[in-house]
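Right, one structure below, let's go through it.
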Amino acid sequence: GELLAGNINLLIAAAVVLGVRTGGAWALVLLTKVVPGIGLLWFALRRQWREVAIGLGLTAAVAGVSFVLAPGPWFDWINVLVASTVNPDTAWIPLTALLPIPLWLRLPVALAIVAVAARRNQPWLLPIGIYLALPALWVSGLVILLAMPRLRRAASERQAALAAPTERVATAEAPSS
């Protein structure tokens, strides 16, 4: 239903899961919802500049090629963004939106969550920051939070893999009786 209804939140969730490993996954987010692309800061705050460059480079390449092939939709999209920024009309947010809180209030919180996630190596927090950075908090956007369990499990598996050689060495060095 999510994709058939024209929503891309499930794809954004997948991009977030892939996005903790490769910056290129953030191109989808940057080219569609834009602001939730703050997840790319995961790499910047961890000083993983190669991944930042890959994410921004892929985004620029896709945008550049699509602009050359069809510039009209890009101008239309930019006009919509400018119009909604210059003259924000929050009246369009219906009661079916989960939280009708303007983006300018949510964005600092979203940035702080992404920063904490990166600094503490807690990737499962990223979907919360990404969700809060959506242009509007629709109920359908909660699908992005489905990335949390997978990111939590992957982080636990990585920590276990890192701890395993240490445990084997400690076990091998322990005197036997």
Side-chain angles (χ1 to χ4, degrees), residues 1-3 5-49 51-52 54-56 58-60 62-63 73-74 76-155:
E2 170 79 4
L3 294 176
N7 293 321
I8 62 163
N9 296 315
L10 190 57
L11 296 175
I12 290 174
V16 173
V17 170
L18 294 172
V20 297
R21 294 186 179 174
T22 177
W26 292 101
L28 169 75
V29 182
L30 287 166
L31 289 167
T32 54
K33 296 287 188 180
V34 185
V35 182
I38 63 170
L40 190 56
L41 291 174
W42 167 264
F43 295 112
L45 294 169
R46 297 161 62 88
R47 294 180 171 80
Q48 295 175 318
W49 305 117
E51 294 302 329
V52 173
I54 289 170
L56 294 176
L58 181 59
T59 302
V62 170
W74 279 101
D76 294 343
W77 184 64
I78 290 169
N79 288 336
V80 167
L81 291 178
V82 169
S84 66
T85 302
V86 172
N87 187 14
D89 179 15
T90 55
W92 66 270
I93 301 176
L95 295 176
T96 57
L98 181 62
L99 295 171
I101 302 169
L103 179 60
W104 65 270
L105 282 175
R106 292 181 278 117
L107 191 55
V109 176
L111 287 166
I113 291 170
V114 170
V116 167
R119 293 290 184 184
R120 293 186 178 173
N121 194 29
Q122 297 176 330
W124 59 89
L125 295 175
L126 277 175
I128 299 168
I130 302 309
Y131 174 70
L132 291 175
L134 288 173
L137 298 182
W138 301 98
V139 173
S140 62
L142 290 170
V143 169
I144 294 170
L145 301 181
L146 291 175
M148 291 177 71
R150 178 65 187 121
L151 291 168
R152 178 77 176 182
R153 187 171 44 254

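These figures come from a predicted structure and were not determined experimentally. Because only heavy atoms are used, hydrogens play no part in the values below, and waters and symmetry mates are left out as well, while side chains stay in.
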Fill in the blank from the handout: Scanning both residues in full, the closest heavy-atom pair of W74 with L31 reads CH2-CD2, 3.9 Å
Practice task
Quick one: list whatever passes side-chain contact (heavy atoms from CB on, under 4.5 Å) with A25, sequence neighbours left out.
Solution key: L18, T22
Handout entry: With sequence neighbours excluded, residues passing side-chain hydrogen bond (donor to acceptor under 3.5 Å, both in side chains) with W77
Key = none
Exercise for the section: Can you establish whether the number of heavy atoms outside R153 located under 6.0 Å from its atom CZ is more than 12? Expected result: yes
Exercise for the section: Using the test side-chain contact (heavy atoms from CB on, under 4.5 Å), find all partners of A60 that sit at least two apart in sequence or belong to another chain. Expected result: none
Exercise for the section: Would you mind reporting whether K33 and I8 have side-chain heavy atoms less than 4.5 Å apart? Expected result: yes
Handout entry: Criterion side chain to side chain contact (heavy atoms under 4.5 Å, CB included) on M148 and L125, from CA distance to verdict
Key = CA-CA 7 Å; M148 291 177 71; L125 295 175; 5.5 Å; no
Exercise for the section: Please name the pair of heavy atoms, one in P123 and one in L151, separated by the smallest distance, quoted to 0.1 Å. Expected result: O-CD1, 3.3 Å
Fill in the blank from the handout: Sorted by chain and number, sequence neighbours left out, side-chain contact (heavy atoms from CB on, under 4.5 Å) with V29 holds for I12, A15, W26, P36
Handout entry: Pairs touching residues 109-125 that satisfy side chain to side chain donor-acceptor pair (under 3.5 Å), sequence neighbours left out
Key = R46-N121
Under 3.5 Å, which donor-acceptor pairs link side chains of residues 100-113 to any protein atom two or more places apart or in another chain?
residue, atom, partner, partner atom, Å
R106, NE, I101, O, 2.6
R106, NH1, L132, O, 2.6
R106, NH1, L134, O, 2.7
R106, NH2, I101, O, 3.2
R106, NH2, L134, O, 3.3
R106, NH2, P135, O, 3.1

Problem - For A14, all residues meeting side-chain contact (heavy atoms from CB on, under 4.5 Å), sequence neighbours excluded - result: none
